[in-house]
Amino acid sequence: MYNGKRNRLGLCCIFRDEDITFKSRQATYIERLDKENRLEQISVTVLHNASSLVRAIDYCAMNGIGCFRVNSRMLPLKTHPKLHYALTDLPDYALIMDLFETSRGFARKHNIRLTFHPDQFTLLSSPREQVTEKSIEELIYHAEVAELIGADVITLHGGGAYGDKAGALGRVMENIDRLPYAVRSRLALENDDRVYSPMDLFPVCEKMGIPLVYDVHHHRCLKDELSIDDVTGLARKTWDREPLFHLSSPKYGWSGNDIRSHHDYINPDDMPESWKDLEVTIEIEAKAKELAVSQLQQELARLARVA
DNA sequence: AGCGGTCAAGTTGAT
DNA sequence: ATCAACTTGACCGCT
């Protein structure tokens with residue numbers, strides 16, 4: 001860990017300069033192949049991704065990065081309605097499992113926390129049962145990979161409000177009760193920047209025993225009556241393990257007309273002072289990826305020396 | 001090799 | 001009505 005601080009910074013999904021990549025496949029292309037070729041193409045892609053995951057964790061270990069968020073497309077098209085497959089169907093199944101096992105062991109050895117953040121199509125608030133069913137399937141897929149590689153968090157947003165926040169959150173709670181243990185034990189809810197503030201989500205978190213991922217940038221975009229330090233304290237209490245927070249800086253500054261889009265780097269002033277000495281994981285959502293994490297590590301270390 | 005159009009999926013709010 | 005934004009641009013066909 002850098003500078004003796006107890007918090008750890010996390011890198012999200014991809015690298016900017018480092019030659020570590022994750023691939024995906026397009027459904028329309030795969031669909032045109034016959035069954036054998038479909039599995040072959042997907043297998044090669046998954047093998048590449050699993051190998052990149054090992055390298056990503058290694059990079060984090062070598063660079064004092066304590067957390068890595070894993071791309072949801074690790075197993076591309078795994079939950080596609082027509083193209084879905086089982087890991088055991090893949091020709092490179094054994095190799096892939098070896099690499100996942102290596103990832104898990106490596107992450108544990110170097111104390112690198114692994115997380116997931118499923119995409120915007122995964123939500124538990126929709127009034128449409130079909131959407132909910134697909135979402136639960138998607139969550140089960142994430143949990144399957146999470147078990148294999150040893151990831152402990154799957155972060156979701158509240159989703160839409162549909163003109164009735166209380167009703168939507170009611171559905172979220174009902175649907176959390178439908179989740180299998182592998183999902184539920186990893187699920188966390190994150191405040192977003194236009195619908196659900198921390199204040200909106202705390203009651204759900206409390207009732208359901210689900211931790212809150214506190215995104216301070218979103219909170220600055222969508223304020224409620226709670227201060228940053230209020231939410232920091234309340235969010236920490238929702239975790240029975242190390243809390244997970246998110247941090248980013250606005251691309252055009254706080255006085256720009258779009259404060260929501262993310263900057264390439266983090267302005268250290270945007271890091272809440274109270275976070276600096278907490279034992280928490282802070283995922284860095286910045287376009288420059290590993291360069292942004294590295295720069296923030298250095299800035300924070302420098303500021304700590306000055307102070 | 002490089003370029004432009006396209007990509008499975010949901011919802012919101014700006015234009 | 002269209003589109004960008006959201007946790008991440010990457011893929012594919014054509015030249």
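So that the names make sense, note that chain A is the first sequence line, chain B the second, and so on, each numbered from 1.
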Does A:Ser261 reach a base, just sugar-phosphate, or nothing at all? Heavy atoms under 4.0 Å. sugar-phosphate

May I have the distance from A:Glu285 (atom CD) to C:dA5 (atom P), rounded to whole angstrom? 15 Å

Separation of A:Lys251 atom NZ from C:dT7 atom P, in whole Å? 15 Å

Other residues, nucleotides, ligands: >12 heavy atoms within 6.0 Å of A:Lys165 NZ: yes

Which part of the nucleic acid does A:Arg32 contact within heavy-atom distance under 4.0 Å: base, sugar-phosphate only, or nothing? sugar-phosphate

Rounded P spacing from B:dC3 to C:dT8 in Å: 25 Å

Dot-bracket pairing map - DNA chain C, Watson-Crick plus G-U, both contacts under 3.5 Å, | cross-strand: ||||||..|||||||

Using whole Å, report how far NE2 of A:His219 lies from P of C:dC6. 18 Å

Rounded to whole Å, how long is the line connecting atom CZ of A:Arg260 with atom P of B:dA14? 8 Å

Any side-chain donor-acceptor pair under 3.5 Å between A:Thr281 and A:Glu242? yes

Distance between the P atoms of C:dC11 and B:dA8, in whole angstroms? 13 Å

Would you tell me whether A:Ser294 and A:Glu290 have side-chain atoms, one donor and one acceptor, within less than 3.5 Å of each other? no

Starting at CG of A:Leu75 and ending at P of C:dT8, how long is that distance when rounded to a whole Å? 21 Å

Are A:Glu190 and A:His246 close enough that a side-chain donor and a side-chain acceptor fall under 3.5 Å? yes

Hey, would you say the A:His117 and A:His157 ring centroids sit under 6.0 Å apart? yes

note: A:Asp193, atom CG; B:dA14, atom P; distance rounded to Å ~ 11 Å

Tell me, please, whether A:Phe15 has A:Arg55 positioned over its six-membered ring: NZ or CZ under 6.0 Å from the ring centre and within 45 degrees of its axis? no

Which label fits A:Tyr214 and A:His219: parallel for a plane angle under 30°, tilted from 30 to 60°, or perpendicular past 60°? perpendicular

Using the C1' atom in both, what is the distance from C:dT2 to C:dT7, to the nearest Å? 24 Å

Does A:Thr122 have any side chain to side chain contact (heavy atoms under 4.5 Å, CB included) partners at least two apart in sequence or in another chain, and if so, which? A:Pro118, A:Asp119, A:Ser135, A:Glu138, A:Leu139, A:Leu156

Please tell me which of A:Arg69 and A:Phe22 maps to the more 5' nucleotide of DNA chain C, matching each residue to the nucleotide holding its nearest heavy atom. A:Arg69

Round to a whole Å and report the spacing from CZ of A:Phe68 to C1' of C:dT8. 10 Å

Other residues, nucleotides and ligands only: do more than 12 of their heavy atoms fall within 6.0 Å of CZ on A:Arg108? no

At under 4.0 Å between heavy atoms, what does A:Lys82 touch on the DNA or RNA strands: base, sugar-phosphate, or nothing? nothing

Does A:Val44 belong to the same Ile/Leu/Val/Met/Phe/Trp/Tyr cluster as A:Met74, with side-chain heavy atoms less than 4.5 Å apart forming each link? no

Does OP1 or OP2 of C:dC6 have a side-chain N or O of A:His218 closer than 4.0 Å? no

A:Asn71 CG - C:dA10 P separation (whole Å): 9 Å

In B/S/- notation (B base, S sugar-phosphate only, - none; protein heavy atoms under 4.0 Å), nucleotides 6-13 of chain B written 5' to 3' is BSBBBSBS

Nearest-nucleotide comparison on DNA chain C, the residue closer to the 5′ end among A:Cys12 and A:Ile30: A:Cys12

Distance (rounded to the nearest 0.5 Å) between A:Leu148 CG and A:Met97 CE: 4.5 Å

Answer with base, sugar-phosphate or nothing: what part of the nucleic acid does A:His246 contact at a heavy-atom distance below 4.0 Å? nothing

Establish, with yes or no, whether the OP1 or OP2 oxygen of C:dT8 is under 4.0 angstrom from a side-chain nitrogen or oxygen of A:His262. yes

Expressed in whole Å, how much space separates the C1' atoms belonging to C:dC6 and B:dG4? 24 Å

Check whether any side-chain N or O of A:Lys287 sits under 4.0 Å from OP1 or OP2 of C:dT7, and answer yes or no. no

